[in-house]
Number of protein chains: 2
Amino acid sequence: MLTRGELAQRTGVHAETIRYYEQRGLLPPPRRTAAGYRAYSETDVARLRFIKRAQELGFSLREIEELLTLEATPGASSGLVRQRALAKIAEIEARIRDLTRIRDTLRRLVAACDGKAPVEHCPILHALYDDHGTHADAKHRDGNAHA
Amino acid sequence: MLTRGELAQRTGVHAETIRYYEQRGLLPPPRRTAAGYRAYSETDVARLRFIKRAQELGFSLREIEELLTLEATPGASSGLVRQRALAKIAEIEARIRDLTRIRDTLRRLVAACDGKAPVEHCPILHALYDDHGTHADAKHRDGNAHA
DNA sequence: CGAAACCCTGTAGTTAACTACAGGGCGTAA
DNA sequence: TTACGCCCTGTAGTTAACTACAGGGTTTCG
């Protein structure tokens with residue numbers, strides 16, 4: 001039996017996050033000690049690791065919840081899980097296409113700039129004002145995920 | 001001279017967003033009519049379009065602010081703008097690499113699954129529990145941008 | 001002149017996924 | 001026994017970029 005802090009250490013998930021997951025329904029309410037402390041088991045360790053790994057694969061907590069629900073559904077076939085994975089792959093590929101298009105536009109702008117002119121004549125800045133031509137999809141702007 | 005609503009229509013930026021940009025310092029405080037209404041000019045139209053376009057290219061509002069500041073700096077050379085564009089390209093490429101890795105992992109999982117087994121034997125779910133091997137970078141998990 | 005449509009301000013809510021904090025209880029080691 | 005660290009709860013703050021709303025003034029059209 002593990003305390004919340006121990007579970008946190010075992011899984012690399014912040015202790016407060018564990019409480020948050022419980023609230024969200026991602027973790028079942030654990031048993032409690034006489035003093036009211038949460039008492040976790042190895043099952044909880046596995047479940048938390050599942051959550052972490054699915055997150056790394058680009059699933060949102062909401063989607064992970066669905067995956068977990070699916071898993072707990074007796075009659076379900078693994079085709080549903082497969083479907084969700086395929087949908088996620090499609091999403092990721094669309095995202096990659098967006099980013100590639102943005103990068104290419106940026107590359108073209110950089111190519112037009114020798115970096116030596118005074119900033120007032122910077123072709124990159126000018127392109128930004130003029131627009132026309134290149135159409136990065138405004139709906140998915142977020143090349144910024146690293147910043 | 002344009003009202004806030006007119007500027008919004010001209011640029012496709014929500015009227016409230018214009019006020020927000022002013023607060024953030026992305027748009028200079030405009031002149032006011034006798035009644036206190038904001039009065040915008042073509043310069044503001046251009047500036048807002050700059051902001052939109054830079055956003056589409058993956059720049060955050062904070063970065064756009066820097067770009068705009070740079071532009072207003074008399075002695076600056078366009079090399080600085082070029083540098084920022086190059087840095088952004090690098091960011092985007094790193095993001096693409098992350099997403100590609102995630103997609104490949106997902107593809108491998110899907111390939112291992114015929115979708116017919118009961119969900120308890122789903123190899124995708126099992127892989128999620130077991131971890132090991134594939135290492136999608138946890139720091140940039142967000143294949144979810146489309147959801 | 002009156003109603004609709006717009007503008008003003010300040011503030012609060014939205015999304016996702018946490019993370020922190022206040023105020024109190026418990027458990028253990030010197 | 002007391003001090004320190006961990007646990008409890010509920011709630012509020014964080015980030016980014018908006019978006020909405022309340023309660024009021026203004027402008028314009030018919």
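Remember, it's a predicted structure, so these values are computed and weren't measured experimentally. So you know, we letter chains A, B, ... as the sequences are listed, proteins then strands, and number each from 1.
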Point to revise | Selection from dC18(C), dC18(D), dC7(C) that lies nearest to any side-chain heavy atom of Leu61(B) | key: dC18(D)
Check your understanding: What's the closest nucleotide to the Gln23(B) side chain, out of dT9(D), dT11(C), dC18(D)?
Key -> dT11(C)
Practice item. Kindly write out the residues that satisfy side chain to side chain donor-acceptor pair (under 3.5 Å) with Glu65(B), not counting sequence neighbours, or none if the list is empty. Key: none
Exercise for review: Apply side chain to side chain donor-acceptor pair (under 3.5 Å) to Glu42(A) and list each qualifying residue two or more places apart in sequence or on a separate chain.
Suggested key: Arg10(A)
Given [N], is OP1 or OP2 found less than 4.0 Å from the side-chain N or O atoms of [X]?
| X | N | answer |
| --- | --- | --- |
| Arg4(B) | dC6(C) | no |
| Thr3(A) | dC7(D) | yes |
| Tyr21(B) | dC18(D) | yes |
| Arg38(B) | dT9(C) | yes |

Practice item. Output every pair passing ring-ring contact (aromatic ring centres under 6.0 Å, His included) with a member in residues 34-58 of chain B, not counting sequence neighbours, ordered by first then second residue. Key: Tyr129(A)-Phe50(B)
**Study point:** Summary of ring-ring contact (aromatic ring centres under 6.0 Å, His included) pairs that have at least one residue in residues 1-24 of chain B, sequence neighbours excluded
**Key:** none
Protein-nucleotide distance ([X], atom [atom1]; [N], atom [atom2]), rounded to Å:
| X | N | atom1 | atom2 | answer |
| --- | --- | --- | --- | --- |
| Arg24(A) | dT15(C) | CZ | P | 12 Å |
| Glu65(A) | dA16(C) | CD | C1' | 13 Å |
| Glu6(A) | dT28(C) | CD | P | 11 Å |
| Phe59(A) | dA17(C) | CZ | P | 13 Å |
| Tyr40(A) | dC6(D) | OH | C1' | 14 Å |
| Glu22(A) | dC18(C) | CD | P | 15 Å |
| Ile18(A) | dT9(D) | CD1 | P | 13 Å |
| Leu7(B) | dC6(C) | CG | P | 15 Å |

Check your understanding: Do Lys88(A) and Glu91(A) sit within salt-bridge range, that is, some charged N less than 4.0 Å from a carboxylate O?
Key -> yes
Exercise for review: Give a yes or no on whether a salt bridge exists between Glu93(A) and Arg107(B), defined as a side-chain N under 4.0 angstrom from a carboxylate O.
Suggested key: yes
Practice item. Could you list all the salt bridge (Lys or Arg N to Asp or Glu O under 4.0 Å) pairs where at least one residue sits in residues 73-86 of chain B, not counting sequence neighbours? Key: Glu66(B)-Arg84(B)
Exercise for review: Encode nucleotides 19-30 of chain D as B, S and - characters from 5' to 3', where the letter depends on protein heavy atoms closer than 4.0 Å: B to the base, S only to sugar-phosphate, - to neither.
Suggested key: BBB---BBS---
Check your understanding: Between Gly36(B) and Ile51(A), which is nearer to the 5' end of DNA chain C once each is assigned its nearest nucleotide?
Key -> Gly36(B)
